[in-house]
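What follows is one structure encoded as structure tokens, with my remarks underneath.
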Amino acid sequence: MLSRLTALGSLLPCTAVPFVSVARAQPADVVGGWEPSAARLEPAAPPADFVVERRGPVHWVYPPQATEHVRELQRIQARRWPELLEELGAVDGGPLEIRVARNPAEMAAMGPPAHPPPPYAIGVAYPRHSLVLVSLTAPRSGRVGEATSVLVHELSHVALHRASGGAPLPRWFVEGVAIHQAGEASLSRTRLLWGATVAGRLLPLEELERRFPS
């Protein structure tokens, strides 16, 4: 498993990176790197009219109006989850709970009240508690987001947590692995990295170790 993590690490920048995503959030039960919070995070109860559905080891919670979108997410999860685990050399360590919301406010309302998702996020993972939250629309604009890639990104956080046994890992590494596994290496990301390099606005890895700006 360690060799696989090392191989993945070789795909990531080793000098400095900008953190520019406004869609994803680093794992929300992370405190000081990849060390999970010792406290038990209890998510809020979903609205009474939400569907609660179990498919194998996955507990799905979603609004009935989003059934069509959720069916697609369920197909993606069933295909990609075993692949994420295999890539990292992880053993499937138990059930998952995936909560799908129509918008970020609804997503936040279904998260743990003590540790809600940041305002910019359309997806967030609580790896220690095997909980993933996904919004179908983006903040402010209300436009339909890329829920499929967001789901894979957040599932990667849970898979990496299981692969490492919850060991402390740098946040930039955790995010880099998720970006890689979700296939988010886009032209716009490359352009942004290049622009930040030319303008001298890259954040050193040492700084990302201390804080992870939104």
Side-chain angles (χ1 to χ4, degrees), residues 1 5 21 23-47 50-63 66 70 73-74 76-78 80-85 87-101 103-136 147 149-179 181-182 212 214:
M1 184 271 292
L5 292 180
S21 172
R24 283 74 163 162
Q26 67 267 24
D29 56 354
V30 169
V31 178
W34 185 236
E35 182 179 354
S37 168
R40 176 66 194 175
L41 301 179
E42 293 295 340
F50 270 41
V51 177
V52 178
E53 178 183 15
R54 183 171 293 279
R55 289 201 165 198
V58 186
H59 192 204
W60 292 86
V61 179
Y62 58 91
V70 171
L73 293 179
Q74 289 172 336
I76 294 294
Q77 184 276 328
R80 293 291 286 127
W81 177 239
E83 295 173 352
L84 300 178
L85 293 169
E87 283 181 12
L88 297 172
V91 176
D92 189 349
L96 289 167
E97 181 165 347
I98 301 174
R99 296 186 168 200
V100 181
N103 54 64
E106 189 173 74
M107 180 183 74
M110 288 198 294
H115 293 277
Y120 63 82
I122 58 174
V124 65
Y126 299 81
R128 183 173 183 266
H129 307 289
S130 300
L131 174 64
V132 169
L133 307 179
V134 175
S135 169
L136 295 175
S149 64
V150 172
L151 176 63
V152 176
H153 183 108
E154 304 307 336
L155 287 173
S156 172
H157 289 323
V158 180
L160 183 56
H161 177 80
R162 294 184 180 184
S164 67
L169 295 173
R171 290 188 181 185
W172 58 262
F173 179 79
V174 173
E175 283 300 315
V177 170
I179 289 169
Q181 289 198 307
F212 211 57
S214 61

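Residue numbers count from 1 along this sequence.
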Pairwise side-chain contact, L88 with V177, heavy-atom cut-off 4.5 Å (strictly under)
yes
Give the minimum heavy-atom separation between V100 and M110, together with the two atoms involved.
O-CE, 3.6 Å
With heavy-atom distances below 4.5 Å as the criterion, would you say the side chains of V174 and H157 are in contact?
yes
Say whether, by atom type as modelled, one donor and one acceptor occur between the side chain of E154 and the main chain of A125 under 3.5 angstrom.
yes
What pairs of residues pass the salt bridge (Lys or Arg N to Asp or Glu O under 4.0 Å) test when at least one of them lies in residues 108-119, not counting sequence neighbours?
none
Between L73 and L151, which heavy-atom pair has the shortest distance, and what is it?
O-CD2, 3.5 Å
Nearest heavy-atom neighbours spanning E106 and P63:
OE1-CG, 4.2 Å
Closest heavy-atom pair, S156 versus Q181, reported as atoms and distance to 0.1 Å, is OG-OE1, 2.6 Å
Considering all heavy atoms of both residues, which atom of A182 and which atom of S149 are nearest to each other, and what is their separation?
CB-O, 3.8 Å
For the pair Y126 (side chain) and P43 (backbone), establish whether a donor and an acceptor sit closer than 3.5 Å, ignoring hydrogens and angles.
no
Who pairs with L96 by side-chain contact (heavy atoms from CB on, under 4.5 Å), at least two apart in sequence or on another chain?
V58, Q77, W81, S130, L155, V158, R162
Does any non-hydrogen side-chain atom of R99 lie less than 4.5 Å from one of M107?
no
For E53, give me all partners under side-chain hydrogen bond (donor to acceptor under 3.5 Å, both in side chains), at least two apart in sequence or on another chain.
R55, Y62, R71, Q74
Nearest heavy-atom neighbours spanning A159 and A90:
O-CB, 3.9 Å
